[in-house]
S.K.: 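Pasting in a structure now, in structure tokens, and then I'll have a few things to ask.
Ligands are counted one by one from 1 in listed order, and the atoms in each one are counted from 1 as well.
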Amino acid sequence: MGRLLRSGAVSLRMPRRKGWRCKLGDDENNQARILVVDDEAPVRRLLARLLERNGYSCGTAADAVEASAALEAEPFDLLLTDMNMPGESGLDLIRAASEKYPGLATVMVTGLDDRALANAALELGAYGYIIKPFESNEILISVTNALRRRALEIENRGHQARLEQQVRERTAELWNAIRHLETTQENLRRSREETVKRLSIAAEFRDDETGRHIQRMSRYCGLLAREMGADSERGEYIRVASQMHDIGKLGIPDNILRKPAPLTPDERKVMERHCEIGWRILAESQSELLDVAAIIARTHHERVDGDGYPHGLSGNDIPFEGRIAAIADVFDALTTDRIYRSAMPLGRALEIMREGRGSHFDAEALDAFFDALDEVIRIHEELSDH
Ligand SMILES: [Fe+2]
Ligand SMILES: [Fe+2]
């Protein structure tokens with residue numbers, strides 16, 4: 001097949017092979033709108049006729065200014081532009097049009113067989129580069145390929161955008177779920193603590209109508225646990241669980257619990273049962289918090305010299321939680337009014353505490369207590385019964 005068109009020449013011979021037209025003409029892009037830009041009217045007409053015969057719909061423009069106006073006026077799928085024109089070059093037109101219309105495919109048609117120019121056009125996003133003189137099927141093949149590539153790119157972009165949207169939606173859902181979970185956990189934590197507190201107050205109500213003892217005791221225990229290096233989770237367990245240390249008093253008769261005088265040895269034996277009753281109420285649950293509470297209930301009256309109750313444990317056989325709770329409980333008992341006696345002056349109470357170092361109280365825990373004395377006194381004053 002001979003070259004059909006030289007720049008300026010106006011002759012068109014259709015290819016002899018019959019099949020190609022049908023092949024290209026059946027393309028799904030055949031309804032595409034193509035803008036043909038060339039300063040030579042015969043070339044413009046020739047190209048437009050060729051494309052229209054093959055089912056495309058065409059517009060024409062003589063230079064970049066006309067082309068810009070045409071692109072502005074109606075949507076095109078492909079820009080087929082000459083390189084050398086008066087005014088703005090085809091390369092500049094491709095640059096400007098590709099920026100302004102990202103969905104527009106561009107093909108350069110030029111009399112210049114220049115590799116650098118071809119590269120520049122392709123780098124600007126041109127889908128093809130055709131050198132004059134060209135054969136009509138070269139144009140049709142380039143146009144078909146450019147339109148197919150454009151369709152694929154548009155589809156890809158749509159796919160990409162859908163994916164990004166999906167990722168954004170899933171991420172938002174995930175964050176909502178996390179926030180919901182955090183709120184739920186916080187609510188659960190608060191309601192668990194509130195339940196423990198109210199249950200403990202119910203038990204405490206029988207011999208301490210303000211319930212302040214358990215609040216102070218709990219704060220002292222949390223403070224001592226932290227002071228002795230317990231991590232924040234364990235410290236929190238100890239702080240909350242210690243509120244239940246005397247819950248076994250629910251099982252002690254009023255005449256002993258509320259007796260406004262020192263207890264007889266027999267009454268004392270009954271009173272001491274509150275540790276085991278508390279253990280029985282709290283132990284063997286599925287809850288770590290209640291496990292800690294059970295340990296504290298059972299061991300808060302043990303002494304490191306083995307003279308405590310209910311089991312006479314000594315030293316480190318007494319669990320950490322029990323050794324801390326013993327200090328908090330005794331200090332609070334000494335410094336607050338009880339039914340049968342009034343509160344001891346703070347100085348005297350601290351003396352008694354100090355005398356118990358290594359006998360009644362675990363030495364290390366008592367040192368932690370004195371190290372944190374300022375905070376201890378602050379809690380004592382903040383939660384005073386008066
Ligand atoms: Fe107790
Ligand atoms: Fe107590």
Side-chain angles (χ1 to χ4, degrees), residues 196-225 237-260 262-263 265-283 290 292-304 306-313 318-344 349 352-353 356 360-362 365-366 369 376 379-380 383-385:
V196 165
K197 188 171 146 195
R198 279 161 200 264
L199 184 66
S200 309
I201 289 174
E204 199 69 23
F205 227 67
R206 299 183 59 224
D207 67 339
D208 168 14
E209 288 185 2
T210 67
R212 286 274 169 102
H213 167 59
I214 60 155
Q215 292 178 41
R216 287 186 299 261
M217 164 86 181
S218 151
R219 294 270 294 276
Y220 295 145
C221 283
L223 175 64
L224 282 181
Y237 273 143
I238 293 174
R239 182 183 71 77
V240 178
S242 60
Q243 298 180 61
M244 294 179 270
H245 70 284
D246 273 341
I247 205 151
K249 284 184 178 172
L250 284 169
I252 307 300
D254 271 0
N255 65 326
I256 295 177
L257 196 60
R258 301 181 71 94
K259 187 178 174 188
L263 302 177
D266 283 345
E267 287 167 338
R268 182 164 295 280
K269 284 245 157 349
V270 174
M271 184 66 168
E272 288 177 1
R273 285 176 47 212
H274 78 274
C275 299
E276 279 303 319
I277 295 170
W279 167 263
R280 289 216 304 274
I281 291 172
L282 298 165
L290 291 185
V292 176
I295 290 170
I296 294 176
R298 189 183 227 179
T299 60
H300 70 280
H301 287 292
E302 297 286 3
R303 300 169 45 120
V304 288
D307 280 350
Y309 66 89
H311 295 290
L313 300 177
I318 307 167
F320 175 77
E321 295 83 351
R323 282 179 272 146
I324 285 178
I327 292 173
D329 197 31
V330 172
F331 174 72
D332 197 60
L334 294 176
T335 51
T336 49
D337 294 337
R338 289 292 154 110
I339 287 174
Y340 52 91
R341 60 145 180 82
S342 44
M344 210 171 261
I352 292 174
M353 296 299 292
H360 192 154
F361 307 118
D362 174 61
L366 193 76
F369 171 84
V376 168
I379 296 168
H380 169 71
L383 294 171
S384 155
D385 286 330

S.K.: What's the verdict on salt bridge (Lys or Arg N to Asp or Glu O under 4.0 Å) for Asp332 and Arg216, showing C-alpha distance, side-chain angles and the deciding distance?
M.R.: CA-CA 7 Å; Asp332 197 60; Arg216 287 186 299 261; 2.5 Å; yes
S.K.: Can you tell whether the side chains of Lys249 and Asp246 come within less than 4.0 Å, N to carboxylate O?
M.R.: yes
S.K.: The Fe ion (ligand 2) and Asp329: any N/O/S contact shorter than 2.8 Å?
M.R.: yes
S.K.: Between His311 and His301, is the ring centroid distance below 6.0 Å?
M.R.: no
S.K.: Can you tell me, to 10 degrees, how wide the angle at the Fe ion (ligand 1) is between OD1 on Asp246 and NE2 on His274?
M.R.: 80°
S.K.: If I consider every N, O or S atom in His300, which one ends up closest to the Fe ion (ligand 1)? I only need its name.
M.R.: NE2
S.K.: Of all N, O or S atoms in His245, which has the smallest distance to the Fe ion (ligand 2)?
M.R.: NE2
S.K.: Any carboxylate oxygen within less than 4.0 angstrom of a Lys/Arg side-chain nitrogen, looking at Arg303 and Asp362?
M.R.: no
